[in-house]
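Residue numbering restarts at 1 for every chain, and letters A, B, ... go by the order of the sequence lines.
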Number of protein chains: 2
Amino acid sequence: MQQSAQFSTRQRILGAAEELFAERGFAGASLRQVTAAAKVNLAAVNYHFGSKDNLIEEVFRRRLDELSRRRLERLARLEASGTASLETVLDAFITPALELSLDRRGGSVFMRVLARAFAEHNNNLRKFLSDNYGHVLKEFAAAFARLLPHLDKDELYWRLDIAVGALTYAMADFGMIQRRSGDSERAHRELMARHLIHFTAAGLKA
Amino acid sequence: MQQSAQFSTRQRILGAAEELFAERGFAGASLRQVTAAAKVNLAAVNYHFGSKDNLIEEVFRRRLDELSRRRLERLARLEASGTASLETVLDAFITPALELSLDRRGGSVFMRVLARAFAEHNNNLRKFLSDNYGHVLKEFAAAFARLLPHLDKDELYWRLDIAVGALTYAMADFGMIQRRSGDSERAHRELMARHLIHFTAAGLKA
DNA sequence: CTAGTATTCAAACGATTGTTTGAAACGCGA
DNA sequence: TCGCGTTTCAAACAATCGTTTGAATACTAG
């Protein structure tokens, strides 16, 4: 295995796939479109990833591994320092996603891909995500349970479910709110994260 | 034009298309799969709808026309009777969607199709929905503006955007919450609507 | 019953899909 | 420089895609 002076074929494919999956969906983006955008040969996808389905999983793995690590790291730090509150725990969940979406190298599109995964009721994909990253949600749910002891288990899960919906939708930039021409992309997204934490904290403790 | 003793070819196609679009997406569901599920000839789609794109639009039109009518009707009734509050206006928006999703004839799948439309950044589809049903969101936004006069315009739109996200996600049943085996589908969805209104009202007024 | 329209049907169109192939080109340790 | 494993490449595979065609059938107005 050798590394090109530029980006490796693997990474070029992953980047192009991420972008096209966000724009046209998993079924809507063909491997020919992906390999053309990545400027690599068509057969390279099956050589490096085995199949289109494996490529899709790898697009998630590339981002979610680090995203999950950062979220859990922040949560652990809050618990250790005894500064865990509704707002700080929400921040621990949202800020890593915000940082990812601000990453120069196409992190923002990935959040759209992630939202598509929710829209897909594809069982294989859901199982893959649940198996590999379900423990992150579980840890955060436990933290919220400690912060909202007056809520019974059912009530808590209802609210967390709704909260995840709001977060997913907002981070994927589905909404109708356009960035104000004066604001930078960074400022726009940071503002959104602040509103998101404020709104969700209120809903959780309502 | 004649009406079959059962359902017309048009309606059979619309029903099957709705179900398959919800399950596999617009690109992922082929016309051959749709016509096979509807038990009609392949050419019937292009005969009755002209193209796949037109079929997609018609799937939305069939449900959204009445959904929008009912939402606006409830909102107008609240304004007329002077009983508009955050909770009742949210109810006016949510309850018609809830009723639709409880409709025996496949209304619940449509909410998943609608959520897919948000995931699609397809400009044609977004323009179609905005042109035909954007006025409904505008009316509700105006109602919320009257109920939350202390919020400036930007602040209000941020919160409405997040609220729409939570509603979309929840009504599409994206979440991880499984129906409790004791509850009926109806009871489950009504419970969800109650939580949704409570959560969102708190977020809006926070 | 007949004329004429509306609908259904099997078949085929060219284009595109994911995947496979075998040879060519490359990169590096010996 | 040689040999060998890794990677790229053009070409082709069968399968499926949305759409079109023209004939067969179903229906309705006169």
Side-chain angles (χ1 to χ4, degrees), chain A residues 1-60 62 113 116-117 120 122-125 128, chain B residues 1-60 62 113 116-117 120 122-125 128:
Chain A
M1 174 180 342
Q2 91 281 358
Q3 189 84 2
S4 154
Q6 290 279 352
F7 284 92
S8 72
T9 298
R10 269 186 70 95
Q11 289 187 358
R12 301 245 297 286
I13 291 173
L14 286 170
E18 185 174 71
E19 208 145 335
L20 285 166
F21 288 158
E23 189 184 328
R24 310 177 191 184
F26 304 112
S30 75
L31 293 186
R32 281 172 178 80
Q33 292 166 349
V34 168
T35 52
K39 295 195 209 304
V40 303
N41 187 273
L42 168 62
V45 169
N46 283 278
Y47 175 78
H48 286 281
F49 300 97
S51 69
K52 185 180 183 178
D53 282 339
N54 283 352
L55 169 61
I56 294 174
E57 290 193 0
E58 211 57 38
V59 166
F60 285 102
R62 179 172 70 141
V113 178
R116 284 215 184 246
E120 301 281 333
N122 183 310
N123 280 336
N124 291 335
L125 186 53
F128 164 78
Chain B
M1 175 181 340
Q2 92 280 1
Q3 189 85 1
S4 155
Q6 290 277 355
F7 285 91
S8 71
T9 298
R10 269 186 68 96
Q11 289 187 358
R12 300 245 297 288
I13 292 173
L14 285 170
E18 185 176 71
E19 208 145 334
L20 286 166
F21 288 159
E23 188 185 325
R24 310 176 192 186
F26 303 112
S30 75
L31 293 186
R32 281 171 178 82
Q33 292 166 348
V34 168
T35 51
K39 296 195 209 302
V40 303
N41 187 273
L42 168 62
V45 168
N46 283 278
Y47 176 77
H48 286 282
F49 300 96
S51 70
K52 185 179 184 179
D53 282 339
N54 282 351
L55 169 62
I56 293 173
E57 290 193 0
E58 211 58 38
V59 165
F60 284 101
R62 179 171 70 141
V113 177
R116 281 211 184 251
E120 300 280 335
N122 183 310
N123 281 335
N124 292 334
L125 185 53
F128 165 78

Q | Check: Leu125(B) and Phe60(B) side chains under 4.5 Å, non-hydrogen atoms | A | yes

Q.
Within the structure provided, determine whether Ile13(A) and Val45(A) are in side-chain contact (heavy-atom separation under 4.5 Å).
A.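 A side-chain contact under 4.5 Å exists here.
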
Q | Side chain Lys52(B), main chain Ser30(B), donor-acceptor under 3.5 Å | A | no

(Q) I need the CZ-P distance between Phe7(A) and dT8(D), as an integer number of Å. (A)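 Spelled out: CZ on Phe7(A) to P on dT8(D) is 16 Å.
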
Q. dC9(C) C1' sits how many Å from Lys39(B) NZ, rounded?
A. 17 Å

Any side-chain N or O of [X] less than 4.0 Å from the OP1 or OP2 oxygen of [N]?
X: Thr9(A); N: dT8(D); result: yes
X: His48(A); N: dT6(D); result: no
X: Asn41(A); N: dA10(D); result: yes

Q: Do nucleotides 17-24 of chain C as a string where each nucleotide becomes B, S or -: B if the base has a protein heavy atom under 4.0 Å, S if just the sugar-phosphate does, - if no protein is that close.
A: BBBBB---

(Q) Test: salt bridge (charged side-chain N to carboxylate O under 4.0 Å, His left out). Region: residues 18-33 of chain B. Which pairs qualify, not counting sequence neighbours? (A) Glu18(B)-Arg62(B), Glu18(B)-Arg63(B)

Q | Atom pair CG/CZ of Leu31(A) and Phe49(A) - distance to nearest 0.5 Å | A |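 Output value for this atom pair is 10.5 Å.
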
Q.
Working to the nearest 0.5 angstrom, can you tell me the gap between Asn122(B) CG and Asp53(B) CG?
A.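 So the CG of Asn122(B) and the CG of Asp53(B) are separated by 7.5 Å.
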
